[in-house]
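First the proteins, then the strands, lettered A, B, ... as listed; each starts at 1.
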Amino acid sequence: MSNRLDPSLIARLPPFSKLDRDQITTLLEQATSQLYPAETTIFSEGQEAERFFLLLDGHIRVVRLTPGGEQVIALHIPPGQLFGIAQAIGRKTYPAMAVAAEDCIALSWPVNLWQRFCDDFPGFATETYRTVGERMGELHESILAMATKHVEERVACALMRLIQQGGRKDGNAVEISFPVTRQNISDMTGTTLHTVSRLLSAWARDGVVESRRRHIRILDPHRLVLLSGA
DNA sequence: TCATTAAGTATGC
DNA sequence: GCATACTTAATGA
């Protein structure tokens, strides 16, 4: 695959921002670029971690399955971030499933390059550990919310997490820049799509949100914060 | 305060 | 026109 990728694609991204032109070129030469259509599973939980990924465009859902076969959405990965980085947490298998929430473009490298990236590229290791730390914080937040908050507050929190990582500002309003269904939100919050639907309808009547199919816009972010019980 | 059931409308390939 | 997304009401834990 002699794919010619533009260095400017990744030069500004945190894991690579401290690298010079040559280093970035080397890095891109070893990468595979691929399109993952919406709803594609990129890798599954427990699968041998053969590659690690950098998301260039789109959003990824990180999903875990319960023993009962129900899915729980742990978090979302925004463009510009690494994912599938089992090595960073000392694992040889992926800890969760990664699904393309919309059409996604990602670079990937074989795992045997991971250590070399850490050794050779200044800032790569520290930046990846920073994002790992951030994701842990996010997980802790939702665990706490699950344990202590009522459904309405949890759904409001979930919306806030969505706009935090996939929000596109539009004046006072913020809209979630990738497709989200009520089922998705219920999978984030441990409730049913019916409850999510009722809440969104009620909030729409109050002018807090506005939603089309697979598309949500928050008209009044401040009131959402209040609803989240924060 | 919620899940569940059930029965409906809307939307988009 | 069929599957998928979404809405709403009723019932009961």
Side-chain angles (χ1 to χ4, degrees), chain A residues 34-45 55 57-79 96-106 138-230:
Chain A
Q34 197 176 329
L35 168 72
Y36 301 91
E39 302 304 319
T40 312
T41 298
I42 300 169
F43 52 77
S44 301
E45 179 174 346
L55 184 60
D57 194 41
H59 283 80
I60 303 289
R61 279 199 303 268
V62 178
V63 178
R64 295 213 51 190
L65 298 172
T66 66
E70 288 167 49
Q71 62 168 26
V72 177
I73 299 176
L75 46 83
H76 289 85
I77 312 276
M97 176 167 70
V99 181
E102 59 188 322
D103 288 355
C104 287
I105 298 168
E138 230 189 291
L139 292 176
H140 284 151
E141 262 189 58
S142 54
I143 290 169
L144 193 68
M146 285 282 202
T148 63
K149 297 190 173 201
H150 291 164
V151 168
E152 183 174 29
E153 298 172 322
R154 296 211 299 269
V155 173
C157 282
L159 285 185
M160 288 174 59
R161 273 186 282 130
L162 286 172
I163 60 182
Q164 184 185 319
Q165 298 236 295
R168 184 192 301 133
K169 287 204 79 176
D170 177 18
N172 221 6
V174 191
E175 70 180 286
I176 296 163
S177 63
F178 58 95
V180 190
T181 65
R182 279 133 184 81
Q183 176 72 61
N184 291 152
I185 295 174
S186 65
D187 288 340
M188 297 174 69
T189 52
T191 181
T192 63
L193 79 152
H194 311 267
T195 299
V196 173
S197 177
R198 268 189 295 268
L199 287 170
L200 285 178
S201 298
W203 294 344
R205 275 191 288 275
D206 292 348
V208 181
V209 302
E210 181 181 80
S211 69
R212 299 169 243 152
R213 136 186 294 231
R214 292 158 73 84
H215 198 107
I216 299 172
R217 156 198 292 256
I218 287 83
L219 300 174
D220 191 342
H222 179 66
R223 285 182 59 199
L224 190 68
V225 174
L226 297 182
L227 288 165
S228 76

Q. Rounded to the nearest Å, what distance is computed from the CG atom of residue Leu199(A) to the P atom of nucleotide dA9(C)?
A. 15 Å
Q: Can you measure from CD1 (Ile163(A)) to CD1 (Ile218(A)) and round to the nearest 0.5 angstrom?
A: 5.0 Å
Q: Check whether any side-chain nitrogen or oxygen of Arg214(A) sits under 4.0 Å from OP1 or OP2 of dA5(C), and answer yes or no.
A: yes
Q: Please name the residue in the list Asp57(A), Ile77(A), Val99(A), Ile60(A) that meets the side chain to side chain contact (heavy atoms under 4.5 Å, CB included) test with Cys104(A).
A: Ile60(A)
Q: Compare the minimum distances between each of dC2(B), dT8(C), dA5(C) and the side chain of Val151(A), then state the nucleotide with the smallest one.
A: dC2(B)
**Q.** Minimum-distance nucleotide (side-chain atoms of Thr192(A) versus dT8(C), dC6(C), dA3(B))
**A.** dA3(B)
Q: To the nearest Å, give me how far apart NE2 (His194(A)) and P (dT7(C)) are.
A: 12 Å
Q) Glu152(A) has an atom CD; how far is it from atom P of dC2(B), in whole Å? A) 8 Å
Q) Do Leu227(A) and Leu159(A) come close enough that some side-chain heavy atom pair is under 4.5 Å? A) no
Q.
What is the distance, to the nearest angstrom, from the CD atom on Glu210(A) to the C1' atom on dC6(C)?
A. 16 Å
Q: Classify the ring geometry between Phe178(A) and His76(A) as parallel (under 30°), tilted (30 to 60°) or perpendicular (over 60°).
A: tilted
(Q) Students often get this wrong, so: under 4.0 angstrom with heavy atoms, is Thr191(A) touching a base, only sugar-phosphate, or nothing? (A) sugar-phosphate
Q. Quick one: Leu193(A) CG to dA9(C) C1', roughly how many Å, whole number?
A. 15 Å
(Q) What is the distance, to the nearest angstrom, from the CG atom on Leu200(A) to the C1' atom on dC6(C)? (A) 10 Å
Q: Run the salt-bridge test on Arg198(A) and Glu152(A) with the 4.0 Å N-O cut-off and return the result as yes or no.
A: no
Q) Between Thr195(A) and dA3(B), does any side-chain N or O lie under 4.0 Å from OP1 or OP2? A) yes
Q: Looking at every strand, decide which applies to Ser197(A) at a 4.0 Å heavy-atom threshold: base, sugar-phosphate, or nothing.
A: base
Q: Can you tell me the distance, in whole Å, between the CZ atom of Arg182(A) and the P atom of dT4(C)?
A: 17 Å
Q | Polar side-chain contact Arg213(A)-dT4(C) base: donor and acceptor under 3.5 Å | A | yes
Q. For the pair made of CZ in Arg212(A) and C1' in dT7(C), what is the distance, rounded to whole Å?
A. 18 Å
